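The next block holds one structure in the form of structure tokens; read it before the comments.
Quick caveat: nothing in here was measured; it's all calculated off a predicted structure.
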Amino acid sequence: MRICPAQPHDLAKLLAFRQEAAAWLSRLGTDQWQRPYPADKLLATIEAREVFMVRDGDVTSATITLTPEAEEGLWTVDELEEPSLFINKLTVARTHAGQNLGGRLLDWAGDRAHRAGADWLRLDAWTTNTNLQAYYLRHGFRHVRTVRQGIAVNGGPRVSGWLAQRATAPSEHGFTDETAAPTRVG
């Protein structure tokens, strides 16, 4: 499997990918991702070269967004001064579930963040999805705090404010990495 940057022509695929994940999450009993994500915001992150796709042949099997930009209102001023990269929208296709693609993507992101000079790999997870929170804890993240105040990126009240982080480190993630070298942070 190879990891490569998403391109603007991948927008429809990524939006459909998110809808598939939202339907699966709904079947699990969570309201995570039930509000559509704004296409213009996703396109902006693609154009900023922050969205990455795992491809298994011609099939997109997973995606992750890795950005130096934190969502407003989540992290403190002191935390934002620490070199960090932030994970968003980690999604694995149901056809590829159970293969540890998510864990490998977290390792890839930690490796990329390390090569970018970041000390921390950070994320904000759905505040009511305790299974997702436990998943991140099993993958070496430490819960920092939960933020419930504010407005979500796609409108409505903040729903993704469970904050966690882990130190960055080199990793053997097993992907063929077709991405450019990361831009330095900090």
Side-chain angles (χ1 to χ4, degrees), residues 1-21 33 37-71 74-75 79-125 132 135-136 138-141 153-154 160 163-186:
M1 284 188 212
R2 57 192 178 89
I3 189 163
C4 55
Q7 302 299 317
H9 69 266
D10 293 316
L11 178 63
K13 170 66 177 168
L14 290 167
L15 289 170
F17 209 63
R18 185 176 173 101
Q19 288 176 333
E20 174 194 38
W33 289 2
Y37 194 81
D40 61 324
K41 290 188 183 299
L42 182 55
L43 181 59
T45 58
I46 292 170
E47 291 173 340
R49 307 199 56 80
E50 297 173 348
V51 181
F52 303 92
M53 301 171 75
V54 175
R55 299 196 193 263
D56 185 3
D58 292 333
V59 175
T60 300
S61 54
T63 183
I64 191 170
T65 298
L66 187 61
T67 177
E69 303 299 323
E71 187 176 325
L74 292 177
W75 299 90
E79 289 165 340
L80 291 173
E81 289 179 5
E82 300 170 332
S84 305
L85 286 180
F86 300 86
I87 295 171
N88 295 298
K89 299 182 279 307
L90 171 61
T91 312
V92 175
R94 296 297 84 215
T95 56
H96 287 73
Q99 299 178 30
N100 191 34
L101 282 183
R104 290 172 56 199
L105 264 176
L106 293 171
D107 289 343
W108 173 84
D111 180 80
R112 186 171 180 83
H114 178 76
R115 290 185 290 122
D119 294 333
W120 296 108
L121 183 61
R122 291 179 166 154
L123 60 87
D124 59 284
L132 179 61
Y135 174 83
Y136 286 125
R138 285 193 307 274
H139 283 279
F141 284 83
V153 170
N154 56 347
S160 187
L163 307 183
Q165 66 185 15
R166 78 178 193 192
T168 66
S171 174
E172 294 295 328
H173 46 74
F175 295 120
T176 300
D177 193 338
E178 297 178 355
T179 66
T183 302
R184 300 285 297 173
V185 297

**Item:** Qualifying side chain to side chain donor-acceptor pair (under 3.5 Å) pairs with a residue from residues 111-123, counting only residues at least two apart or across chains
**Value:** Glu82-Trp120, Glu82-Arg122, Ser84-Arg122, Asp111-Arg115, Arg112-Thr179, Arg122-Gln165
**Message:** side chain to side chain contact (heavy atoms under 4.5 Å, CB included), that's the test. Do Asn88 and Asp124 meet it? Break it down for me.
**Reply:** CA-CA 8 Å; Asn88 295 298; Asp124 59 284; 3.8 Å; yes
**Candidates Val51, Ile3, Val92 - the one meeting side-chain contact (heavy atoms from CB on, under 4.5 Å) with Thr63** = Val51
**Request:** Kindly compute the distance separating CG (Asn100) from NE2 (His139), expressed to the nearest 0.5 Å.
**Result:** 5.5 Å
**Request:** Output the distance between atom CD (Glu69) and atom CG (Leu80), rounded to the nearest 0.5 Å.
**Result:** 9.5 Å
**Asked** Rounded to the nearest 0.5 Å, how far apart are CZ of Phe175 and CG of Leu101?
**Response** 5.5 Å
**Asked** Leu121 and Leu66: side chain to side chain contact (heavy atoms under 4.5 Å, CB included), yes or no, with the steps?
**Response** CA-CA 9 Å; Leu121 183 61; Leu66 187 61; 3.7 Å; yes
**Complete:** Smallest heavy-atom separation, Pro68 atom then Phe86 atom, equals O-CE1, 3.7 Å
**Item:** From CA spacing to verdict: side chain to side chain contact (heavy atoms under 4.5 Å, CB included), His96, Val54
**Value:** CA-CA 11 Å; His96 287 73; Val54 175; over 6 Å; no
**Closest approach of Pro5 to Glu178 (non-hydrogen atoms, all atoms of both residues)** = CD-O, 3.8 Å
**Asked** How close do Asp107 and Ser171 get, heavy atom to heavy atom, and via which atoms?
**Response** CB-OG, 3.1 Å
**Item:** With Arg49 via side chain to side chain donor-acceptor pair (under 3.5 Å) - residues at least two apart
**Value:** none
**Request:** Determine the minimum heavy-atom distance between Leu90 and Gly102, stating which atoms define it.
**Result:** CD2-O, 4.2 Å
**Message:** To the closest 0.5 Å, what do you measure between CD (Glu79) and CG (Leu74)?
**Reply:** 10.0 Å
**Asked** Closest approach of Val185 and Pro83, non-hydrogen atoms and distance?
**Response** CG2-CB, 4.1 Å
**Prompt:** To the nearest 0.5 Å, how far apart are OG1 in Thr183 and CG in Leu85?
**Reply:** 9.5 Å
**Asked** Would Ile64 and Trp108 count as a side chain to side chain contact (heavy atoms under 4.5 Å, CB included) if you check the C-alpha gap in whole Å, the side-chain angles of each, and the deciding distance to 0.1 Å?
**Response** CA-CA 10 Å; Ile64 191 170; Trp108 173 84; 4.0 Å; yes
**Least distance between heavy atoms, Pro8 atom then Ile46 atom** = N-CG2, 3.5 Å
